[in-house]
*Asks:* 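Below is a structure I'd like to ask you about.
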Amino acid sequence: MEQKRFFESLFIVAGMSMACSGLAFAEVATEEPAAEASTGDSQVTLEQVTVTATRREERLQDVAVAVTAVNEAVLERNQITSLADIGAVAPNTTVFRNPSSSSTSLIYIRGIGDDSSNILREFPVSQYIDGVYVGRNVGSLFELIGYDRVEILRGPQGTLYGRNSTGGAVKLVTTRPNTDEFSAKGDITIGSFNRRDFRGMLNLPLSDTLAGNFSFGSSNNDGYYKNVSTGAGLNRQDVQSMRGGLLWNASDKLDFYLTGDYTHDNSGLQVPTQMSSTTGVGKNIPRYGDIYSADPDQPDMAQVDTYGASLLTTYQLANGTLELTTGYRGLKFDANYDYGGAPVGADLVRDSSQDQYSQEIQFASDFGGRVELVAGLFYFYEEGSGYEGFILSPGGAPLNFAFDVESESIAAYTEATVKLNDWLNLIAGGRVTYDDKSVTRTGIYAGAKGEDSWTKFTPKVSLQAKINPDMMAYATFSQGYKAGVYLPFPGSVAQAETALPPESVDAYEIGLKADWLDGTLRTNLAVFYNQYQDLQIGVLGNGAGVQTVSADEDAKGIELEVTARPSENLYVFSNLTYLDTEFVRVPTGSSSYPALGDQQRFSPQSTFKVGAEYEIPFNNGDVVTLGTTYSWFDEQAQGFPNSLNMMEDYDLIDARIAYKPANGHWGIELSGKNLADTEYWTYQSYLAGYARYYAPGQTWSVRLKFDM
């Protein structure tokens with residue numbers, strides 16, 4: 001999109017926003033309360049948001065961390081039903097579906113992420129479900145059913161969330177059962193590409209102290225790509241998931257919360273669009289005439305099963321809270337890859353499994369004095385096996401890379417807040433992490449073994465100033481660390497037995513969180529500078545296979561979130577980001593590696609989003625809601641070197657209209673996404689010619705909701 005078009009669109013949206021006047025999509029962590037009237041008039045204020053980013057409940061505006069929290073209202077406002085779309089609400093956050101499967105994540109925060117799905121890799125943006133670390137990104141794009149909120153922590157989390165969180169952390173918090181009353185809610189959705197989804201959730205009081213809940217869902221469509229040989233749909237979605245919880249309030253001081261979940265993804269092969277050439281004019285001309293046409297030479301098969309269970313035991317002590325979290329997660333992954341969407345170049349057949357166990361004990365104090373602290377011990381163990389059948393040309397025999405892997409991680413951490421005076425706090429903490437990892441090759445280089453271990457101390461120091469009751473500033477230095485990794489596709493016995501060194505980061509951040517105009521306007525600003533050493537990145541190796549290499553990167557940026565609520569019926573929200581990433585040390589040996597000065601993948605230098613939601617109440621209590629958002633993304637690199645792998649800037653327009661009757665027991669919503677039918681791709685590959693994974697064009701959906 002030309003720059004002129006961007007500014008024209010910006011002025012149009014800004015004009016619409018001003019005409020309506022303005023509020024907020026505030027990132028909400030709990031059910032939105034009724035508007036709170038200000039003294040002396042009917043003016044309403046922004047809701048106060050509660051988060052647990054610091055492992056204790058605090059107001060979002062009081063937390064010295066860059067965090068976005070999202071609840072059901074925000075999900076509806078942004079048409080989000082899966083974690084795959086959560087990047088739409090968090091600054092400097094990119095979330096796409098990894099080409100390996102429809103439920104495998106590709107997450108980048110502030111220029112740090114990983115686009116692999118191999119179980120030998122460690123991922124710098126960690127995910128948690130009720131505090132249980134999710135060790136693999138395969139199957140981690142959970143359908144957002146049965147979750148109370150999602151919290152996105154931006155920047156390294158090396159103290160309280162130290163397991164590989166060099167880029168950030170995504171926390172999913174499930175909806176707890178309650179003993180109040182039986183309830184049931186859900187929705188049915190139809191839409192483009194024969195979309196047919198349904199979701200439901202039940203709350204079941206069992207006694208005065210015991211309650212359970214159960215949620216389930218199915219997401220299906222026939223695919224927005226077409227197989228030119230068979231006419232069948234490709235890139236379809238076929239995902240079923242369920243989650244259950246059981247809460248026992250054993251006493252006034254003791255609670256047990258047991259949860260379990262299972263997701264089955266049978267969406268099949270995810271294919272790209274083969275372009276006519278790797279360079280020149282042909283790079284923008286689809287081989288089969290349409291950007292959504294492909295002719296894969298691999299069977300339409302990709303299946304992921306993920307499952308887990310956890311038990312959270314909470315005990316209220318006289319001077320704090322003690323929590324014991326026990327977790328198990330597992331996955332089975334069987335998939336074909338067609339990197340070119342045509343009978344050319346390389347393909348991959350993958351069969352992997354993984355099981356993990358974790359245990360954490362944590363104490364959060366409530367001393368009531370000048371010092372409060374959080375301290376804990378963490379243990380994690382995983383074992384897995386993987387087969388990577390790398391096929392260099394159609395019909396060729398696969399190169400059979402296979403391995404068994406074991407990982408163990410032990411950590412101790414603490415973080416204390418010291419009240420220096422009435423307005424200034426010192427926050428200091430640290431984490432000591434020990435990682436041990438071993439790999440045994442069972443395919444190529446069978447019998448080769450590698451074992452290594454690493455120990456790292458990661459500190460954090462922060463000053464937090466309460467300037468006035470509505471304004472807080474902070475300045476933080478912290479470090480993050482990610483364990484070393486073994487190569488999935490080694491080129492020699494030595495490579496098969498040798499791990500890349502751990503990744504680390506020195507992070508500097510200042511922030512200002514403020515409410516203005518009697519609580520009707522909120523501005524949250526964060527400025528950061530991160531220095532990454534031994535960054536582990538996946539690249540093309542020597543023009544053929546996929547390789548993992550080590551590099552250094554600097555990342556700096558600004559994030560501004562503005563929300564306002566000038567009236568009870570109107571919300572307006574906006575965020576503006578700037579991100580400058582630069583590789584300052586690069587490996588040698590391949591023309592496909594990053595060059596000095598290259599920017600990180602999937603990390604646009606600038607982004608802008610603005611939206612509004614207006615409620616129209618009727619005298620009988622019925623409500624109609626109108627909402628729209630406009631988003632603009634700067635050009636971004638999708639590979640190395642950047643000169644061959646840039647995607648131009650693009651913009652997106654979404655809108656929705658919803659009706660809810662006065663009784664609140666049902667509602668209906670009509671939504672549209674990418675209304676301008678913008679053509680853009682989320683991923684590209686050079687493994688089989690030049691291919692792009694295009695995102696869907698204009699789509700529509702109708703959702704019928706019920707709540708009893």
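Positions are given from 1, in the same order as the sequence printed here.
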*Asks:* Tell me, do F123 and N164 make a side-chain contact under 4.5 Å, heavy atoms counted?
*Replies:* no

*Asks:* Taking it one step at a time, do F216 and F214 satisfy ring-ring contact (aromatic ring centres under 6.0 Å, His included)?
*Replies:* CA-CA 7 Å; F216 55 91; F214 178 72; 5.8 Å; yes

*Asks:* For residues S165 and Y133, determine if any side-chain heavy atom of one lies less than 4.5 Å from a side-chain heavy atom of the other.
*Replies:* no

*Asks:* Should E122 and R163 count as an ion pair when the cut-off is N to O under 4.0 Å?
*Replies:* yes

*Asks:* Looking at W248, I want to see if its CH2 is surrounded by more than 12 non-hydrogen atoms of other residues, nucleotides or ligands under 6.0 Å.
*Replies:* no

*Asks:* Could you tell me which non-hydrogen atom of F457 sits nearest to which non-hydrogen atom of G430, and how far apart they are?
*Replies:* CE1-CA, 3.8 Å

*Asks:* Validate the cation-pi geometry between R55 and Y161: distance from NZ or CZ to the six-membered ring centre under 6.0 Å, angle to the ring axis within 45°.
*Replies:* yes

*Asks:* Ring of F528, cation from R110 - is the NZ or CZ under 6.0 Å from the centre and inside 45° of the axis?
*Replies:* yes

*Asks:* Any donor-acceptor pair under 3.5 Å linking the side chain of T175 with the backbone of D148?
*Replies:* yes

*Asks:* Looking only at side-chain N and O atoms, does T52 offer a donor or acceptor that is under 3.5 Å from a partner on E57?
*Replies:* no

*Asks:* For atom CG of D208, is the number of surrounding heavy atoms from other residues, nucleotides or ligands below 6.0 Å larger than 12?
*Replies:* no

*Asks:* Using a 6.0 Å cut-off, check whether atom NZ of K556 has over 12 heavy atoms from anything other than its own residue.
*Replies:* no

*Asks:* Between K460 and L160, does a side chain to side chain contact (heavy atoms under 4.5 Å, CB included) hold up when you go through it step by step?
*Replies:* CA-CA 10 Å; K460 173 183 177 180; L160 300 179; over 6 Å; no

*Asks:* Does the Lys NZ or Arg CZ of R136 fall within the cation-pi geometry relative to F333 - under 6.0 Å from the ring centre and within 45° of the axis?
*Replies:* no

*Asks:* Going by side-chain hydrogen bond (donor to acceptor under 3.5 Å, both in side chains), name the residues that satisfy it together with T174, two or more places apart in sequence or in a different chain.
*Replies:* D130, Y257

*Asks:* Would you check if Q316 and D252 make a side-chain contact, meaning some heavy-atom pair closer than 4.5 Å?
*Replies:* no

*Asks:* Is there side-chain contact between T433 and S409, with heavy atoms separated by less than 4.5 Å?
*Replies:* yes

*Asks:* Please list, chain by chain and in numerical order, all residues satisfying salt bridge (Lys or Arg N to Asp or Glu O under 4.0 Å) with K705, sequence neighbours excluded.
*Replies:* E76

*Asks:* Are more than 12 heavy atoms, taken from residues, nucleotides or ligands other than K171, located less than 6.0 Å from that residue's NZ atom?
*Replies:* yes

